[in-house]
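On a predicted model such as this, the values are computed, not experimentally measured, just so you know.
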Amino acid sequence: MGNKAVLLLSGGLDSTTTLALARAQGFEIYALSFAYGQRHSQELAAAQTIAARMGVKEHRVITIDLGGFGGSALTQAGLDVPKDRTPHDLAQGIPITYVPARNTVFLSFALAWAEVLKAYDIFIGVNALDYSGYPDCRPAFIAAYEVMANLATAYGVEGGQRIAIHTPLIHLTKAEIIREGLRLGVDYALTVSCYDPDSTGRACGHCDACQLRLKGFQENGISDPGIYSA
């Protein structure tokens with residue numbers, strides 16, 4: 001393997017495809033996942049399985065409590081995950097499933113580990129096409145964060161090499177992301193995308209994440225290998 005890279009691994013479809021792409025580019029992967037107070041643990045279990053199956057060099061799970069602030073249906077009790085939203089609804093505003101500053105926080109942890117590892121490459125599976133409208137998935141945010149990373153770290157200032165935030169999926173549709181993953185041999189049955197799975201881990205099939213995922217597989221003419229409750 002080649003250069004070290006830190007990669008944010010949620011256990012979902014996008015981050016797993018990003019992992020496959022980074023490995024195909026020859027990077028030695030240090031995967032980072034978070035127990036951040038999210039409403040279910042299935043995605044973390046998936047991340048651990050995926051990291052083991054896909055041969056990452058090291059996988060760490062960091063515990064932080066974004067749920068202590070709330071403000072999102074993914075972290076705050078009493079806020080329902082929206083279901084069965086229309087394409088028009090999906091295009092309107094920022095939904096309640098947005099977790100305040102989540103990618104800013106996650107990237108900051110990734111940057112800290114990357115500095116210790118002297119890894120100048122950080123991968124995140126954000127997407128700005130088939131997505132829920134989160135502001136921290138946009139190209140402008142990533143570009144600004146990359147500038148900050150190179151100004152705010154000792155190795156960015158003194159290392160003689162630029163820190164790069166890689167977003168290989170940012171301009172792809174969900175169907176295109178799935179197509180890339182299948183080309184690279186990704187087993188999407190291992191991934192968890194649902195915001196609101198049942199107690200056995202079955203996806204709801206109705207939240208924004210499920211709808212976008214199902215649409216992506218349908219546009220590829222194949223069935224989603226994920227397990228759904230209905």
Novice: If you measure from CZ on R179 to NZ on K174, what distance do you get to the nearest 0.5 Å?
Specialist: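 Between atom CZ of R179 and atom NZ of K174 there are 13.5 Å.
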Novice: Could you walk me through whether R138 and I142 pass the side-chain contact (heavy atoms from CB on, under 4.5 Å) test, one step at a time?
Specialist: CA-CA 7 Å; R138 297 172 301 148; I142 297 298; over 6 Å; no
Novice: Roughly how far, to the nearest 0.5 Å, is CG of D224 from NZ of K215?
Specialist: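 Between K215 NZ and D224 CG, I get 14.0 Å after rounding to 0.5 Å.
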Novice: Hey, is the main chain of A164 close enough, under 3.5 Å, to the side chain of D121 for a donor-acceptor pair?
Specialist: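 Side chain of D121 to backbone of A164: no pair is present.
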Novice: Please confirm whether the backbone N or O of L169 pairs with a side-chain atom of T167, one donor and one acceptor, at under 3.5 Å?
Specialist: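 Such a contact is absent between T167 side chain and L169 backbone.
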Novice: Looking at every heavy atom in both L13 and F217, which two are closest together, and how far apart are they?
Specialist: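 That closest heavy-atom pairing would be CD1-CE1, 3.8 Å.
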Novice: Are R85 and D208 within salt-bridge range, i.e. N to O under 4.0 Å?
Specialist: yes
Novice: Nearest 0.5 angstrom please: T104 OG1 to D136 CG, how far?
Specialist: 6.0 Å
Novice: In terms of hydrophobic clustering (I, L, V, M, F, W, Y; side-chain heavy atoms under 4.5 Å; direct or indirect links), are I96 and L212 co-clustered?
Specialist: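 No, it is not one cluster - the side chains of I96 and L212 are not joined through contacts under 4.5 Å.
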Novice: Within the side chain of H40, is there an N or O that forms a donor-acceptor pair under 3.5 Å with the backbone of C194?
Specialist: yes
Novice: Is any side-chain heavy atom of V105 closer than 4.5 Å to one of V99?
Specialist: no
Novice: Do the side chains of I29 and M54 get nearer than 4.5 Å, heavy atoms only?
Specialist: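 Side-chain contact under 4.5 Å: no.
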Novice: Is the ring pair F106/F34 parallel, tilted or perpendicular, if the boundaries are 30 and 60 degrees?
Specialist: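 Aromatic pair F106/F34 classed parallel.
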Novice: Does the S229 side chain pair with the main chain of A203, one donor and one acceptor, at a distance under 3.5 Å?
Specialist: yes
Novice: Just how far is it from atom CD1 of I122 to atom CG of L117, taken to the nearest 0.5 Å?
Specialist: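 Between I122 CD1 and L117 CG, I get 10.0 Å after rounding to 0.5 Å.
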Novice: Checking the side chain of E176 only, and the main-chain atoms of G216 only, is there a donor and an acceptor separated by less than 3.5 Å?
Specialist: no
Novice: Got a sec, which pairs hit salt bridge (Lys or Arg N to Asp or Glu O under 4.0 Å) with one end in residues 33-42, sequence neighbours left out?
Specialist: R39-D196
Novice: Quick check for you: to the nearest 0.5 Å, what is the distance between Y98 atom OH and T75 atom OG1?
Specialist: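 Y98 OH to T75 OG1: 11.0 Å, rounded to 0.5 Å.
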Novice: Distance alone, cut at 3.5 Å: any donor-acceptor contact between the side chains of Y120 and R162?
Specialist: no
Novice: If we only count heavy atoms from C-beta on, is the C137 to N103 side-chain gap below 4.5 Å?
Specialist: yes
Novice: Within the side chain of E28, is there an N or O that forms a donor-acceptor pair under 3.5 Å with the backbone of N3?
Specialist: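 Judged by distance alone, no pair lies under 3.5 Å.
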Novice: Under 4.5 Å between any side-chain heavy atoms of I124 and T18, yes or no?
Specialist: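 Heavy-atom side-chain distance check fails, nothing below 4.5 Å.
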Novice: In the hydrophobic cluster built from side-chain contacts under 4.5 Å, what are the other members alongside L151?
Specialist: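 Grouped by the 4.5 Å side-chain rule, V147 form the rest of the cluster around L151.
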Novice: Would you say that H59 contacts Q48 through its side chain, given a criterion of any heavy-atom pair below 4.5 Å between the two side chains?
Specialist: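 Yes. Closest side-chain heavy atoms under 4.5 Å.
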Novice: Count the heavy atoms belonging to other residues, nucleotides or ligands that lie under 6.0 Å from CD1 of I227, then report whether that count exceeds 12.
Specialist: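 Counting neighbours around CD1 of I227, 12 or fewer heavy atoms of other residues, nucleotides or ligands fall under 6.0 Å, so no.
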Novice: How many angstroms lie between atom CG of L66 and atom OG of S72, to the nearest 0.5 angstrom?
Specialist: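 Between L66 CG and S72 OG, I get 9.5 Å after rounding to 0.5 Å.
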Novice: Look at the side chain of T86 and the backbone N and O of D89, then say whether any donor-acceptor pair between them is shorter than 3.5 Å.
Specialist: yes
Novice: If you define the side chain from C-beta out and look only at heavy atoms, does anything of V6 sit under 4.5 Å from F123?
Specialist: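 Heavy-atom side-chain distance check fails, nothing below 4.5 Å.
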Novice: Of the non-hydrogen atoms in E146 and N150, which two are nearest, and what is the gap between them?
Specialist: O-ND2, 2.8 Å
Novice: Restricting to non-hydrogen atoms, name the atom on C204 and the atom on K83 that form the minimum distance, rounded to 0.1 Å.
Specialist: SG-CE, 3.8 Å
Novice: Looking only at atom types and distance, does a side-chain atom of S15 sit under 3.5 Å from a main-chain N or O of G125, one as donor and one as acceptor?
Specialist: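 No, because the side chain of S15 does not come within donor-acceptor range (under 3.5 Å) of the backbone of G125.
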Novice: Would you say the side-chain atoms of Y188 and T17 include a donor-acceptor pair closer than 3.5 Å?
Specialist: yes
Novice: For atom NZ of K57, is the number of surrounding heavy atoms from other residues, nucleotides or ligands below 6.0 Å larger than 12?
Specialist: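 Not buried by this count: 12 neighbours or fewer within 6.0 Å.
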Novice: Heavy atoms, side chains only, cut-off 4.5 Å: are Y228 and C210 in contact?
Specialist: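 A side-chain contact exists here, since the closest heavy-atom pair is under 4.5 Å.
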Novice: A46 and V192: which non-hydrogen atoms are nearest, and at how many Å?
Specialist: CB-CG2, 3.8 Å
Novice: For W113 and Y30, work out which heavy atoms get closest and say how close.
Specialist: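 Heavy atoms only, the tightest pair is CH2-CB, 3.6 Å.
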Novice: For the hydrophobic clusters of this structure (ILVMFWY residues joined by side-chain heavy atoms under 4.5 Å, transitively), does one cluster hold both I64 and L32?
Specialist: yes
Novice: Could you walk me through whether Y36 and L74 satisfy the side-chain contact (heavy atoms from CB on, under 4.5 Å) test, starting with their C-alpha distance in whole Å, then the side-chain angles of each, then the deciding distance to 0.1 Å, before giving a yes or no?
Specialist: CA-CA 10 Å; Y36 63 90; L74 301 190; 4.2 Å; yes
Novice: Yes or no on side-chain contact (heavy atoms from CB on, under 4.5 Å) for V56 and R23, after CA distance, side-chain angles and deciding distance?
Specialist: CA-CA 9 Å; V56 306; R23 280 183 49 80; 5.6 Å; no
Novice: Do you know the tightest heavy-atom contact between A20 and V186?
Specialist: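 That closest heavy-atom pairing would be CB-CG2, 3.5 Å.
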Novice: Under a 4.5 Å side-chain heavy-atom rule over Ile, Leu, Val, Met, Phe, Trp and Tyr, are I62 and L111 clustered together?
Specialist: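 Shared cluster, yes.
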Novice: So, T191 versus R213: side-chain donor-acceptor pair below 3.5 Å or not?
Specialist: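 Judged by distance alone, the side chains do pair up.
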Novice: Does Q161 CD have over 12 foreign heavy atoms under 6.0 Å away?
Specialist: yes
Novice: Under a single-linkage definition using a 4.5 Å side-chain heavy-atom cutoff for Ile, Leu, Val, Met, Phe, Trp and Tyr, are L79 and Y195 assigned to the same hydrophobic cluster?
Specialist: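 No, L79 does not connect to Y195 through the hydrophobic network.
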Novice: Are the side chains of F27 and K4 in contact, using a 4.5 Å heavy-atom criterion?
Specialist: no
Novice: If we ignore hydrogens and angles and just use 3.5 Å, is the side chain of E115 paired with the main-chain N or O of Y155 as donor and acceptor?
Specialist: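 A pair under 3.5 Å: yes.
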Novice: Is there a path of hydrophobic side-chain contacts, each under 4.5 Å between heavy atoms, that joins V81 and L44?
Specialist: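 Shared cluster, no.
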Novice: Between N127 (side chain only) and L129 (backbone N and O only), is there a donor and an acceptor less than 3.5 Å apart?
Specialist: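 Answer holds: yes.
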